Colleague: 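Got a structure here, written out as structure tokens. Questions coming.
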Amino acid sequence: MVIIVVSVVVPSPWSNIAIIVLSLPATILSLSSTFNLRFPSRPSFPKCPSFSRSPPEPLLSTAPRAAVTPSSPSPTTFHGPCYVIGDNIDTDQIIPAEHLTLVPSKPDEYQKLGSLALCGLPSSAYPVPFVLSGAASTPFPIVIAGANFGCGSSREHAPVALGVAGVWAVVAEYYARIFFRNSVSTGEMFPLESEETVIWKECTTGDIVTVDLDERWLTNHTTGKEYRLKPIGDAGPVIEAGGIFAYARKTGMIASASTA
């Protein structure tokens, strides 16, 4: 038997609430008509929609790839004496901050940057100067460095100074990201990475080396050793063109100076 307790308000001066204990469903129906009680009906909910699963589209196309046409050959072999430096060569050592007042867009100040390249290196660790006193360029067209080359503050003057000094390529274990990007944007020299981590330890300043971008080799003719280089990828054509704006004009992304 189900027992339900219902509270009903009775209009009486001496009683406000009467508690009625009901034991039969028939009594509930009788009282509901007498006191006009209303019970909420159960709400109805819409039925869940039905879904049909269709097979997913393939993420990768199975169509054959188009053949890649090789680009025309370009001068990508560099030869000469190398200058060897170690790990964590920052931009203050490449071009100290007091020389950042020089404006690369001014021809005379542009050339001045080359004479100051790597002048921030401590002479105690690097007794051979990268650029001789009074000279405008370096006798070392290839720089071999350790890890994290170009770290520190961001400045486009750093790759510009190296390029103006006559550097064709820097071979390092890896670069600070902003320095690598600035090297590509300015197109001053090739920032190459080596697959080995011992090149700067096995080379000496003044060794005669050859860098072959196409074959991805650095050959030290003084020691007879060869080292594998990582591919430079899409950055290569940008540097070959002379920087990001020259590449954009060359490929038609922006109007050339003659047609602008």
Side-chain angles (χ1 to χ4, degrees), residues 78 80-194 197-207 209 211 218 229 232 235 238-239 242-246:
F78 312 125
C82 67
Y83 192 84
V84 182
I85 49 184
D87 294 332
N88 301 312
I89 301 300
D90 58 33
T91 51
D92 279 323
Q93 293 174 296
I94 299 173
I95 181 73
E98 59 263 27
H99 302 303
L100 298 184
T101 55
L102 297 173
V103 181
S105 59
K106 297 180 179 179
D108 55 338
E109 297 185 13
Y110 176 80
Q111 295 298 328
K112 180 68 174 176
L113 285 171
S115 65
L116 298 170
L118 290 176
C119 69
L121 291 174
S123 58
S124 58
Y126 303 97
V128 178
F130 182 66
V131 179
L132 297 176
S133 178
S137 60
T138 180
F140 306 103
I142 300 167
V143 174
I144 297 177
N148 202 28
F149 185 82
C151 57
S153 60
S154 170
R155 56 190 69 168
E156 290 186 350
H157 294 69
V160 169
L162 292 172
V164 177
V167 174
W168 297 326
V170 175
V171 179
E173 183 178 342
Y174 61 87
Y175 296 87
R177 181 179 60 179
I178 297 179
F179 177 86
F180 184 90
R181 185 186 66 186
N182 286 338
S183 299
V184 176
S185 298
T186 59
E188 292 287 349
M189 52 90 187
F190 286 86
L192 305 176
E193 294 183 349
S194 60
T197 61
V198 296
I199 295 183
W200 71 277
K201 296 180 181 179
E202 296 184 352
C203 295
T204 304
T205 294
D207 287 354
V209 301
V211 174
L218 182 147
L229 303 177
I232 195 168
V238 179
I239 300 171
I244 189 68
F245 287 105

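What you are looking at is a predicted structure, and each value in this text was computed from that prediction instead of being measured.
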Colleague: Which pair of non-hydrogen atoms, one from L229 and one from L192, has the smallest distance, and what is that distance?
Modeller: CD1-CD1, 4.1 Å
Colleague: Considering residues at least two apart in sequence or located in another chain, which fulfil the salt bridge (charged side-chain N to carboxylate O under 4.0 Å, His left out) criterion with D92?
Modeller: R155
Colleague: Ignoring hydrogens and geometry, is there a side-chain-to-backbone donor-acceptor pair from D87 to A147 under 3.5 Å?
Modeller: yes
Colleague: So do P81 and P141 actually touch side chain to side chain, heavy atoms under 4.5 Å?
Modeller: yes
Colleague: May I ask you to test the Y175-N148 pair for a side-chain heavy-atom distance under 4.5 Å?
Modeller: no
Colleague: Heavy atoms, side chains only, cut-off 4.5 Å: are V211 and I142 in contact?
Modeller: yes
Colleague: How close do I199 and S194 get, heavy atom to heavy atom, and via which atoms?
Modeller: CD1-CB, 3.3 Å
Colleague: Please report the interatomic distance OG(S185) to CD1(I244), rounded to the nearest 0.5 Å.
Modeller: 6.0 Å
Colleague: As an exercise, state the distance from CZ of F149 to OG of S183, rounded to the nearest 0.5 Å.
Modeller: 8.0 Å
Colleague: Suppose we screen for side-chain contact (heavy atoms from CB on, under 4.5 Å). Which residues come up paired with A117, at least two apart in sequence or across chains?
Modeller: F130, A161, L162, A165
Colleague: Could you note down all residue pairs passing salt bridge (charged side-chain N to carboxylate O under 4.0 Å, His left out) where residues 122-137 supplies at least one of them, sequence neighbours left out?
Modeller: none
Colleague: Where do T186 and N182 come nearest, in terms of heavy atoms and distance?
Modeller: OG1-O, 2.8 Å
Colleague: For I178, is there any backbone N or O sitting under 3.5 Å from a side-chain donor or acceptor partner on S154?
Modeller: no
Colleague: On a heavy-atom basis, which atom in T91 and which in S153 lie closest, and how many Å separate them?
Modeller: OG1-O, 2.8 Å
Colleague: Using side-chain contact (heavy atoms from CB on, under 4.5 Å) as the criterion, list what pairs up with Q93, not counting sequence neighbours.
Modeller: I89, D90, L121, P122
Colleague: Distance-only criterion, 3.5 Å: show the donor-acceptor pairs between side-chain atoms of residues 99-113 and protein atoms not counting sequence neighbours.
Modeller:
unit_1: E109; atom_1: OE1; unit_2: V103; atom_2: N; d: 2.5
unit_1: Y110; atom_1: OH; unit_2: E188; atom_2: OE1; d: 3.3
unit_1: Y110; atom_1: OH; unit_2: E188; atom_2: OE2; d: 3.0

Colleague: For A135, what residues pass the side-chain contact (heavy atoms from CB on, under 4.5 Å) criterion, not counting sequence neighbours?
Modeller: V131, L132
Colleague: May I ask you to test the I85-V143 pair for a side-chain heavy-atom distance under 4.5 Å?
Modeller: yes
Colleague: Between F140 and V128, does a side chain to side chain contact (heavy atoms under 4.5 Å, CB included) hold up when you go through it step by step?
Modeller: CA-CA 11 Å; F140 306 103; V128 178; 4.1 Å; yes
Colleague: Tell me, do C151 and F179 make a side-chain contact under 4.5 Å, heavy atoms counted?
Modeller: no
Colleague: Using the benzene-type ring in the case of Trp, are the ring centres of F190 and F78 under 6.0 Å apart?
Modeller: yes
Colleague: Not counting sequence neighbours, which residues clear side chain to side chain donor-acceptor pair (under 3.5 Å) with R181? List them please.
Modeller: none
Colleague: Going by the side chain to side chain donor-acceptor pair (under 3.5 Å) test, which pairs reach into residues 157-171, not counting sequence neighbours?
Modeller: none
Colleague: Which residues pass the side-chain contact (heavy atoms from CB on, under 4.5 Å) test with T204, sequence neighbours left out?
Modeller: D207
Colleague: Only one of I94, V164, I95 passes side-chain contact (heavy atoms from CB on, under 4.5 Å) with L116; say which it is.
Modeller: I95
Colleague: What pairs meet the side chain to side chain donor-acceptor pair (under 3.5 Å) rule with one or both residues in residues 123-147, with sequence neighbours excluded?
Modeller: none
Colleague: Do the side chains of L218 and I144 get nearer than 4.5 Å, heavy atoms only?
Modeller: yes
